[in-house]
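Protein chains get the first letters and strands the later ones, always in sequence-line order, with residue 1 at the start of each. Note that the coordinates shown come from a computational prediction; the quantities given were computed from them, not determined experimentally.
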Amino acid sequence: MITKLSVEQTIAIMHRLADLVNQATDELGSLDAILGDGDLGISMGKGFGAIRKTLEQVDSAKETPGSVLALAGTTLASAAPSTLGTLLGWGFLKAGNRVKDVPELNLENLAASCRTMVDTISLLGHARMGDKTILDALSAGADALDAAAKQGDSLAQACHFARAAAWEGFRNTIHLQAKQGRAGRYFERSVGHEDAGALMGALIFEAFSQGIDGFGATSAASSPSE
Amino acid sequence: MITKLSVEQTIAIMHRLADLVNQATDELGSLDAILGDGDLGISMGKGFGAIRKTLEQVDSAKETPGSVLALAGTTLASAAPSTLGTLLGWGFLKAGNRVKDVPELNLENLAASCRTMVDTISLLGHARMGDKTILDALSAGADALDAAAKQGDSLAQACHFARAAAWEGFRNTIHLQAKQGRAGRYFERSVGHEDAGALMGALIFEAFSQGIDGFGATSAASSPSE
Amino acid sequence: MKKFMNEPELFEADMLEGILLAHDNELQSLTADRRAIVRLTSPAVGKVGLATGGGSGHLPLFLGYVGKGLLDGVAVGDVFASPSASVMLDATRRINGGSGVLYLYGNYGGDVLNFDMAAEMARAEGIAVESVVGADDVASAPKGMEDKRRGIAGLFYLFKVAGAKADQGASLSEVKRVAEKAKQRTRSMGVAFSPCYLPFNGKESFNIGENEMEVGMGIHGEPGIIRLPVESSKRIVQRIMEAIEGDLPLKSGAEVSVLINGLGATSKEELYIVYRDVHRWLAERQISVAFPYVGEFATSMEMAGMSISIMELDEELKELVAAPCDTPFWRQDP
Amino acid sequence: MKKFMNEPELFEADMLEGILLAHDNELQSLTADRRAIVRLTSPAVGKVGLATGGGSGHLPLFLGYVGKGLLDGVAVGDVFASPSASVMLDATRRINGGSGVLYLYGNYGGDVLNFDMAAEMARAEGIAVESVVGADDVASAPKGMEDKRRGIAGLFYLFKVAGAKADQGASLSEVKRVAEKAKQRTRSMGVAFSPCYLPFNGKESFNIGENEMEVGMGIHGEPGIIRLPVESSKRIVQRIMEAIEGDLPLKSGAEVSVLINGLGATSKEELYIVYRDVHRWLAERQISVAFPYVGEFATSMEMAGMSISIMELDEELKELVAAPCDTPFWRQDP
Ligand SMILES: Nc1ncnc2c1ncn2[C@@H]1O[C@H](COP(=O)(O)OP(=O)(O)O)[C@@H](O)[C@H]1O
Ligand SMILES: Nc1ncnc2c1ncn2[C@@H]1O[C@H](COP(=O)(O)OP(=O)(O)O)[C@@H](O)[C@H]1O
Ligand SMILES: [Mg+2]
Ligand SMILES: [Mg+2]
Ligand SMILES: [Mg+2]
Ligand SMILES: [Mg+2]
């Protein structure tokens, strides 16, 4: 069982996230079109395309998982400077910086890093849980990671919980009234549609969870005696 | 049988022409649309609408048939200053001026006036018979009036011939290649469609002929002994 | 058709009222129907008066070029229809400062007829009148039949050059000479993506498919020379520049002014993409650009499309193009 | 969708190249990707630097207001997308003439976030930075929630007033004060007839019926407050003026500047018809118009529609609006 994330694994997870974003381009775009301007699929596609390119260039020997996350963040903020690209870019930057000296991330590191991301986005965007934003997925996921860490769950287990909580947070945004961004201008009329940014938040935990399951499977396969 | 046109009758014929133009608005417009800009129905409608209004104001005691035609001409040239409105406006002006001192128009006066209209339009437009313009209807009608006058036909008879000749001239424009105006820019491609202006030319003789037949019928009805 | 207007029959009247309300410090109308409009300061005694005119629906053409360094008066027609000779005569009388009047307008049947008549009437009153008729659209008739060509956005150069020359106090024949020279050295051609709609009947000026463009289209929707699937800006620019160059050969080392004209709906962003491709096309041939103009100069209401005009410069034309001008619709600083 | 362009991913790059090729005597770019553009003469030592920025697709907004008497620099985003904080920082550094920099831009999430970050980074480098965020669209949020309102064409007044004040050598806080004042006294609202199309995916920005209009639509196709059958210019003007007047009460005797802004496809003819109806609406209430602006000031690519902006003047604002300015896209003489 995998207990820590290496630099390579962190990079692999970011690539997986880029794949998921690619697959979800249309859904991100059409959710954003309902309450926003419909560009979220495009902008996240651009941003994660740039991240993919940047990460293909890095010398993993010179990085930490945290520095990889930070690099992904600045890349996202430059390549996709929309509301979410900027918030998430800075979220990844600060989340990475929080753990930038840790050579491999354990569950505690991951939970701390994730908490920093939530706090950064909340601070910059002046938004809170329940405002019908990406935070509704992210902070549900972050809470689940914290709880799992306290409970002593495995990394993979924790990520399963976090993923489920993030998706739940995303789906729950359908009942909420938007308080932020373009969607905030719809007032009551924003109820009845999920938030596009929250979908993006769920995809992040999906990528971590899928990635860690994959590494677990590979390491299990390569060392069956363990 | 009617042998001369009075001021009132000339005015009545112009009103009848305005009615015919009204009925033909769509056809004028759609023929002009094929080889031109499609505004001929509109512009002639405007022009003859203005003529109608002007003629409603005139004190017929102070006019001659010629001055009525001239007034119609200046009104047309101001209210519908498109190619045809201008040419026809000046055509009516000069045609009217040619006979402006004649209290009632006989066939000879009418033929002379009509010839002046043809010459004026030809001069101003630098166009000739066969150029696929209004002249193809007008000069066919003018020729028929001349021939009928020489032959000693009645005014009504002469107008029947002229009407037939003008319609024939109009229909014949389908075989011609345009040399003038917007249509002239189509070269060979202009063959195969009738000319919109020539339709307008035919309507003029139609109005005179219908009008004169009507006056004949009325005078016949009111004085059956004649 | 959707338009901001009141009764369609009042389209021109309401528009002219709006223009005169907005710009009464620069323009005045001579008649109650506002069809003859001149500069507030007209006549300029001693200066050659410059008049233009034509149908409405092309703003800033024609009215928009009445102002300092450009024209003195304009006769305004209905949408896409000539103004009448009597309106032109009204403007001519007012702008004649004693040195005569030059008519500059586009080669369309109704306009030519009416300006010719107005000129004759004005001459009968003792006003010297000359005309230069813009015919820059190479797509509208082949070489050898230049007198059949339509006048489109290249008219701007005739206005600009004649306006600057007249401001120098030149004589009528001198002003006419430079306008003629500008005409000889200017060529244009355009591409349309969509029709426009006539206010009075709501009809579209022509039909065009979802992915088609009409090459060589006129500014009233007159058909062009070929209909094709929409192409890249580069390819369209190549087509147009080759047609222009075939008619007005440009040698390496030549200097030109370029005007990219939006027909109405096309965004400035796109016009600058076109300019980029024209600039590169010219640079590859060692032809330099001295005065680029990018914007709307002769529109066709809300038609989508653009035209490219090229004027080959010499020292005289360059100086005249460079001169400042100032109208409510268009300004150029020294 | 039909657009004059090459590869859609190069829409912004090709456009910026064209603009810089055409206007290299007035503008310069600071980076290879041309996303940070400033006046050729920047920095103006001692003068407060003025920067703006936002998505592409709104020309002349934002880039078109960089020039004499207006702004010093701009950060250019992709079509309808914010530029990044790092581009803003590039422009900020260059235009700082030692007296600090004022950011003037529209109230959109991405822009606000990025300008806030840029301001923080600039301050960390010792550059004094302040911001005034335009939020003039009364249709975008009700009274009491002004901070949620979008910035649309009324931004022009903030640029104009701040630009003139900065040119007088005023301090950062003074320039910010007049920009704030202009903001407090400016309201806008628009009507859209048609969507625009995004170059990268060809999609229309919204759907609308053959005979419908969207009242209060934003310049990215953000929904308005009501969808109605198309009405006469007079009726539309009445609707908009009542909404504006309800938010910014105008007393008889007041003096205002009026800006009629075309969203892209709408003809100048129509904009003047609208101006006529606005002028009459105001005149009936004894409100006079000092500086009418009619044209395209903040577009939404090829969208058909227009917005009306009203700024209530006082002596100070009037003098600042009257000051001359000169950019490649917009000129005003004294
Ligand atoms: N102030 C905010 N704080 C946190 N998240 C926000 C905020 N405003 C918007 N969002 C999120 O951003 C998403 C929209 O992102 P994006 O499409 O990039 O916005 P825009 O196109 O308006 O710049 C929303 O669905 C929401 O989740
Ligand atoms: N030079 C000319 N001489 C005589 N008739 C002409 C001439 N040019 C055009 N016409 C006639 O005018 C008609 C078109 O008139 P109109 O629609 O008013 O033109 P436009 O809209 O081009 O001003 C043509 O069908 C033709 O009959
Ligand atoms: Mg969005
Ligand atoms: Mg016609
Ligand atoms: Mg016509
Ligand atoms: Mg966006």
Point to revise | Part of residues 226-236 of chain C lying next to chain D, heavy-atom separation under 4.5 Å | key: C:V230, C:S232, C:S233, C:K234, C:I236
**Study point:** Within the 6.0 Å centroid threshold, strictly below: D:Y272 and C:F329
**Key:** yes
Review point. Between C:K2 and D:I208, is any pair of side-chain heavy atoms under 4.5 Å apart?
Key: yes
Study note, to complete from the structure: So, the part of D:M303 with a heavy atom under 4.5 Å from chain C: the answer is neither
Review point. Is the shortest heavy-atom distance from the side chain of D:E17 to the side chain of C:R280 under 4.5 Å?
Key: yes
Exercise for review: Between chain D and each of C:P328, C:G305, C:S194, count heavy-atom pairs under 4.5 Å; write down the option with the most.
Suggested key: C:G305
**Study point:** Contacts of type side chain to side chain donor-acceptor pair (under 3.5 Å), residue D:T266, not counting sequence neighbours
**Key:** none
Review point. Checking D:A304 against chain C: side chain, backbone, both or neither under 4.5 Å from a heavy atom?
Key: neither
Exercise for review: Output the distance between atom CE (C:M15) and atom CD (D:E269), rounded to the nearest 0.5 Å.
Suggested key: 6.0 Å
Review point. Heavy-atom distance under 4.5 Å between the side chains of D:R331 and C:D333, does that happen here?
Key: yes
Review point. With C:D277, which residues qualify under salt bridge (Lys or Arg N to Asp or Glu O under 4.0 Å), at least two apart?
Key: none
Revision key, fill the gap. Under 4.5 Å to a heavy atom of chain D? For C:V258 that would be neither
Point to revise | Heavy-atom pair count under 4.5 Å with chain D, highest-scoring of C:G57, C:S300, C:S56 | key: C:G57
Practice item. Indicate the atoms forming the closest heavy-atom contact of C:A265 with D:E302, along with that distance. Key: O-CB, 3.2 Å
Review point. Who among D:H23, D:E210, D:K3, D:M306 has the most heavy-atom pairs with chain C under 4.5 Å?
Key: D:K3
Study note, to complete from the structure: Residue from C:Y275, C:W330, C:F193 scoring the most non-hydrogen pairs under 4.5 Å with chain D is C:F193
Practice item. Taking heavy atoms only and a threshold strictly under 4.5 Å, list by residue number the residues of residues 284-298 of chain D that touch chain C; give 'none' if the list is empty. Key: D:P292, D:E296
Study note, to complete from the structure: To the nearest 0.5 Å, atom CG of C:D14 lies from atom CD of D:E270 at 12.0 Å
Practice item. Assess whether side-chain contact (heavy atoms from CB on, under 4.5 Å) is satisfied between C:I273 and D:F4, documenting all intermediate values. Key: CA-CA 7 Å; C:I273 291 175; D:F4 292 96; 5.7 Å; no
Review point. Taking all atoms of both residues into account, what is the closest heavy-atom pair of C:R276 and D:L21, and its distance?
Key: CA-CD1, 4.3 Å
Study note, to complete from the structure: Interface check, chain C: of D:M1, D:E7, D:M5, D:H58, most non-hydrogen pairs under 4.5 Å belong to D:M5
